[in-house]
Amino acid sequence: MADTDVADMTTPWTAKEKSTRPTVVCDNVHVIYKIHGSGSRKGTPVSALRRIVTRTKNEAIREVHAVKGVSFIAYEGEAIGIIGSNGSGKSTLLRAIAGLLPPNRGSIYTTGQPSLLGVNAALMADLTGERNVILGCLAMGMSPAEAKAAYPGIVEFSGINEREDFISLPMRTYSSGMGARLRFAISAAKTHDVADDRRGARDR
């Protein structure tokens with residue numbers, strides 16, 4: 001992750017007010033992916049059996065050091081931007097912070113349950129926006145009553161009903177911008193202790 005910069009990562013702890021508590025601490029975090037080669041002779045079942053018998057290492061496995069020694073402290077109420085080129089490890093770092101990907105070395109500490117803002121997997125294009133709002137809220141762990149209470153605010157925040165009653169139409173009829181606004185409005189409806197927002201700059 002040599003090409004990725006974490007804003008405010010060099011701020012000394014003593015420079016912060018004593019009343020401010022850290023919510024995320026990354027201490028020398030390393031994440032390494034192992035990529036198994038495909039289509040080569042070394043990746044055949046026969047070669048795999050031979051390696052087991054001879055106890056030799058599979059040379060077709062390649063390691064990708066996605067995150068290299070990242071350390072920073074995020075304080076309550078603070079927003080930190082992670083900037084880097086494609087493949088520099090931004091999403092990998094966020095997934096590690098959210099607990100979806102364990103670091104190979106280093107430690108990550110959080111004061112709550114981090115959440116990746118995004119409900120794309122739960123939404124269905126053939127359902128109406130109204131149904132998807134409720135479905136997305138339930139997918140984030142809200143109770144039916146909480147989802148019903150949050151519904152008016154989500155629709156208002158999304159702004160998709162400003163001209164017509166689009167909320168009653170299937171999401172497949174929405175433009176990409178309308179769909180993105182509704183998805184973000186659903187994601188932002190729940191109060192998260194730590195939120196990882198992985199939208200790109202072009203989505204803002």
Side-chain angles (χ1 to χ4, degrees), residues 1-40 42-43 48 51-52 54-122 136 139-141 180 183-184 186-204:
M1 192 163 174
D3 298 331
T4 302
D5 298 324
V6 181
D8 202 30
M9 62 185 295
T10 59
T11 303
W13 190 301
T14 55
K16 297 290 182 178
E17 296 181 1
K18 293 182 179 180
S19 59
T20 303
R21 66 185 183 115
T23 54
V24 176
V25 177
C26 287
D27 181 17
N28 193 32
V29 175
H30 293 256
V31 179
I32 301 173
Y33 289 111
K34 289 187 177 181
I35 302 177
H36 296 261
S38 59
S40 63
K42 294 181 179 180
R51 287 193 302 275
I52 294 174
T54 60
R55 297 184 179 181
T56 57
K57 184 179 179 180
N58 184 3
E59 298 179 358
I61 296 178
R62 185 166 63 95
E63 292 187 346
V64 176
H65 207 148
V67 177
K68 300 179 181 179
V70 173
S71 299
F72 70 93
I73 301 173
Y75 293 86
E76 185 176 10
E78 184 178 35
I80 292 180
I82 302 176
I83 303 171
S85 57
N86 290 337
S88 61
K90 301 183 298 296
S91 294
T92 298
L93 177 60
L94 293 179
R95 288 174 62 84
I97 294 173
L100 302 177
L101 192 65
N104 297 83
R105 295 201 302 272
S107 302
I108 299 175
Y109 307 94
T110 64
T111 58
Q113 177 58 52
S115 176
L116 290 171
L117 291 185
V119 291
N120 290 347
M140 291 192 300
R183 285 190 289 270
F184 181 72
I186 297 171
S187 300
K190 184 175 176 63
T191 301
H192 306 276
D193 294 325
V194 180
D196 296 334
D197 184 356
R198 297 197 294 168
R199 294 176 302 149
R202 62 185 175 182
D203 295 331
R204 296 181 186 277

### Task
Taking all heavy atoms of Lys90 and all of Ile82, pick out the closest pair and write down the distance.
CD-O, 3.7 Å
### Query
What's the shortest heavy-atom distance between Thr111 and Pro22, and which atoms?
CG2-O, 3.1 Å
### Query
Can you find a pair of side-chain heavy atoms, one from Val67 and one from Pro103, that are under 4.5 Å apart?
no
### Task
Could you list the residues that satisfy side-chain hydrogen bond (donor to acceptor under 3.5 Å, both in side chains) with Asn28, not counting sequence neighbours?
His30
### Message
Within the structure provided, determine whether Thr23 and Glu78 are in side-chain contact (heavy-atom separation under 4.5 Å).
### Response
no
### Query
What residues form a side chain to side chain contact (heavy atoms under 4.5 Å, CB included) with Asn104, not counting sequence neighbours?
Val31, Ile32
### Summary
side chain to side chain contact (heavy atoms under 4.5 Å, CB included) filter on Tyr33, not counting sequence neighbours, yields Val64, Ala66, Thr92, Leu101
### Query
To the nearest 0.5 Å, how far apart are CD1 in Ile97 and CD1 in Ile80?
8.5 Å
